[in-house]
Amino acid sequence: MFDTLSDRLTSVLKNLRGKGKLSDADIDATCREIRIALLEADVALPVVRSFIAQIKERAKGAEVSQALNPAQQVVKIVNEELVAILGGETRRLNLAKTPPTVIMLAGLQGAGKTTLAGKLAKHLAGQNHTPLLVACDLQRPNAVNQLQVVGQRAGVPVFAPEPGNGVGDPVAVARLAIEEARKSQHDLVIVDTAGRLGVDEELMKQAADIRDAVQPDEVLFVVDAMIGQDAVSTATAFQEGVGFTGVVLTKLDGDARGGAALSVREVTGQPIMYASNGEKLEDFDVFHPDRMASRILG
Ligand code: GDP
């Protein structure tokens with residue numbers, strides 16, 4: 001996903017190699033190049049602005065270092081600032097004091113929520129949790145079935161509506177699922193919710209109703225990193241309509257320009273917690289800002 005950006009940044013920074021002390025003009029020229037590379041990668045403008053301002057300020061104020069030459073120092077600053085816009089520390093899952101921990105997934109249709117539900121369930125089951133997947137996407141005809149297939153692959157049970165058991169009412173299904181989790185000793189519940197093709201009020205209201213009914217410990221906003229700048233506006237709409245505590249980036253295996261991934265933390269203030277990079281259950285990882293920054297800087 002970050003190939004072009006990565007190539008651009010590496011070559012801009014390479015130009016500094018072999019220079020002695022960097023003049024302010026050198027730093028300004030480098031920052032101009034970095035700015036163009038970020039904008040071409042679809043990074044949101046406010047994020048680019050604050051990123052460049054930080055780099056400029058730090059690079060111009062940098063003490064002469066014994067250990068690093070000026071070029072290495074700029075690379076170090078760019079790396080640190082990339083880590084910062086990606087969230088700094090790896091953010092761990094917030095677990096309920098009294099189980100079950102409830103994780104609700106929200107996002108547009110096609111973002112990869114159902115797939116992610118299975119990946120997350122498998123990941124958490126591997127950490128000695130006993131998750132229960134909950135099918136609250138009752139809009140898309142095949143969604144319940146798709147979650148059941150995903151659950152089977154992940155080896156995690158799925159709570160789905162049955163006749164007399166919340167059919168057609170995702171809020172009722174969510175409530176019943178929490179009761180079921182308590183009864184059957186599941187320490188964790190992952191609630192898949194419906195997404196529409198675009199943001200709409202009905203979708204937001206339904207997601208907010210589910211949220212109110214289950215009082216989640218985490219609401220994860222699942223977003224397709226391929227949708228570029230739209231990711232930022234979608235995230236803002238979900239933050240206002242439902243509110244979320246963490247972000248999951250999906251489709252990082254795609255060949256889009258990656259700006260969404262670089263913007264969403266800074267724009268929403270919420271951390272990126274997980275990353276999905278393929279269709280298979282194992283194409284998934286906890287998101288580490290430092291590793292992502294290193295990957296971008298090559
Ligand atoms: P939902 O509508 O949000 O539940 O999205 P789905 O989980 O049904 O995913 C939509 C499509 O994206 C499916 O074809 C998935 O196989 C695919 N998908 C999900 N995550 C990824 C990913 O990380 N990489 C790729 N390449 N495809 C993905």
Side-chain angles (χ1 to χ4, degrees), residues 1-3 86 103-124 131-154 156 158-161 170 173-174 177 189-200 202-204 206-208 210-211 216 218-228 230-231 233-235 237-239 241-242 244 246-262 264 272-288 291-292 295:
M1 163 149 295
F2 296 105
D3 292 355
L86 290 168
I103 304 169
M104 174 177 157
L105 307 180
L108 295 181
Q109 184 175 318
K113 284 183 300 302
T114 306
T115 313
L116 187 273
K119 292 176 175 191
L120 188 58
K122 183 166 184 253
H123 169 76
L124 294 169
L132 176 67
L133 284 163
V134 184
C136 285
D137 179 353
L138 310 184
Q139 303 288 332
R140 198 155 51 93
N142 198 34
V144 173
N145 182 258
Q146 191 192 339
L147 190 69
Q148 280 166 328
V149 171
V150 161
Q152 205 163 31
R153 279 200 204 125
V156 171
V158 175
F159 186 92
V173 173
V189 176
I190 300 172
V191 182
D192 189 20
T193 65
R196 305 287 157 81
L197 288 173
V199 172
D200 72 41
E202 208 186 321
L203 157 75
M204 288 300 175
Q206 185 183 90
I210 296 175
R211 178 202 62 204
E218 296 275 13
V219 178
L220 301 183
F221 170 62
V222 181
V223 61
D224 177 347
M226 300 277 285
I227 67 174
D230 282 350
S233 49
T234 310
F238 270 85
Q239 201 176 32
V242 192
F244 54 83
V247 178
V248 181
L249 292 173
T250 64
K251 311 195 191 179
L252 285 174
D253 52 312
D255 58 4
R257 291 172 285 184
L262 283 171
V264 77
I272 304 167
M273 293 177 62
Y274 299 102
S276 165
N277 56 359
E279 295 191 78
K280 294 202 221 74
L281 272 184
E282 51 275 18
D283 298 329
F284 169 85
D285 210 346
V286 171
F287 184 82
H288 299 289
R291 287 189 210 163
M292 180 63 91
R295 189 174 132 196

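For ligands, and for the atoms within them, numbers begin at 1 and follow the listed sequence. Every value quoted in this text rests on a predicted model; they were computed, and no experiment measured them.
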Engineer: Pairs of nitrogen or oxygen atoms closer than 3.5 Å, one from Gln109 and one from ligand 1: do any exist?
Structural biologist: no

Engineer: Tell me which protein heavy atom sits closest to atom 24 (N) of ligand 1, plus the residue, atom name and distance to 0.1 Å.
Structural biologist: Asp253 OD1, 2.8 Å

Engineer: Taking distance alone, with N or O pairs closer than 3.5 Å, would you say Gly110 contacts ligand 1?
Structural biologist: yes

Engineer: Please write down residue, atom name and distance for the protein heavy atom closest to atom 3 (O) of ligand 1.
Structural biologist: Lys113 N, 2.8 Å

Engineer: Any N or O of Gln146 that comes nearer than 3.5 Å to an N or O of ligand 1?
Structural biologist: yes

Engineer: Going by the order shown, which atoms of ligand 1 are within less than 4.0 Å of some heavy atom of Asn277?
Structural biologist: 23 (O)

Engineer: Which residues satisfy the side-chain contact (heavy atoms from CB on, under 4.5 Å) test with Ala275, sequence neighbours excluded?
Structural biologist: Leu252, Phe287

Engineer: For ligand 1, is Gly107 a contact, meaning one of its heavy atoms is under 4.0 Å away?
Structural biologist: no

Engineer: How long is the gap from CZ on Phe238 to CZ on Phe244, to the nearest 0.5 Å?
Structural biologist: 9.0 Å

Engineer: Just let me know how Leu108 lines up against ligand 1, side chain, backbone, both or neither, with a heavy-atom cut-off below 4.0 Å.
Structural biologist: backbone

Engineer: Just by distance, do the side chain of Arg211 and the backbone of Val242 share a donor-acceptor pair under 3.5 Å?
Structural biologist: yes

Engineer: What protein heavy atom is closest to atom 11 (C) of ligand 1, reported as residue, atom name and distance in Å?
Structural biologist: Lys251 NZ, 4.1 Å

Engineer: Between Val247 and Met273, does a side chain to side chain contact (heavy atoms under 4.5 Å, CB included) hold up when you go through it step by step?
Structural biologist: CA-CA 6 Å; Val247 178; Met273 293 177 62; over 6 Å; no

Engineer: So, for Pro131 and Val156, which heavy atoms are closest and what is the spacing to 0.1 Å?
Structural biologist: O-CG1, 3.4 Å

Engineer: When you measure from atom 5 (O) of ligand 1 to every protein heavy atom, which one gives the shortest distance, and what is it?
Structural biologist: Gly112 N, 3.0 Å

Engineer: For atom 14 (O) of ligand 1, what's the nearest protein heavy-atom neighbour? Residue, atom name and distance, please.
Structural biologist: Glu279 OE1, 3.7 Å

Engineer: Hey, is ligand 1 close enough to Asp192 that some N/O pair sits below 3.5 Å?
Structural biologist: no

Engineer: For atom 22 (C) of ligand 1, find the nearest protein heavy atom and state the residue, atom name and distance (0.1 Å precision).
Structural biologist: Gly278 O, 3.1 Å

Engineer: Ignoring hydrogens and angles, state whether a donor on the side chain of Ser276 or Lys119 is under 3.5 Å from an acceptor on the partner side chain.
Structural biologist: yes

Engineer: CG of Leu108 to OG1 of Thr234: how many Å apart, nearest 0.5 Å?
Structural biologist: 5.0 Å

Engineer: Just to verify, what does Gln148 make a side-chain contact (heavy atoms from CB on, under 4.5 Å) with, not counting sequence neighbours?
Structural biologist: Val144, Asn145, Val158, Ala160

Engineer: Could you give the distance from OH (Tyr274) to NE2 (His123), rounded to the nearest 0.5 Å?
Structural biologist: 5.0 Å

Engineer: Distance check, rounded to the nearest 0.5 Å: Leu147 atom CG versus Asp192 atom CG?
Structural biologist: 5.5 Å

Engineer: Please work out, at 4.0 Å between heavy atoms, whether the side chain, the backbone, both, or neither of Thr115 comes within that distance of ligand 1.
Structural biologist: both

Engineer: Which protein non-hydrogen atom lies closest to atom 20 (N) of ligand 1, naming both residue and atom, and how far is it?
Structural biologist: Ser276 OG, 3.8 Å

Engineer: Answer with side chain, backbone, both or neither: which part of Leu116 has a heavy atom less than 4.0 angstrom from an atom of ligand 1?
Structural biologist: neither

Engineer: What do you reckon, does Ala111 put a non-hydrogen atom under 4.0 Å from ligand 1?
Structural biologist: yes

Engineer: Among all the protein's non-hydrogen atoms, which is closest to atom 4 (O) of ligand 1, and how far away is it?
Structural biologist: Thr114 OG1, 2.7 Å

Engineer: Evaluate whether atom CD of Glu282 has more than 12 neighbouring non-hydrogen atoms of other residues, nucleotides or ligands under 6.0 angstrom away.
Structural biologist: yes

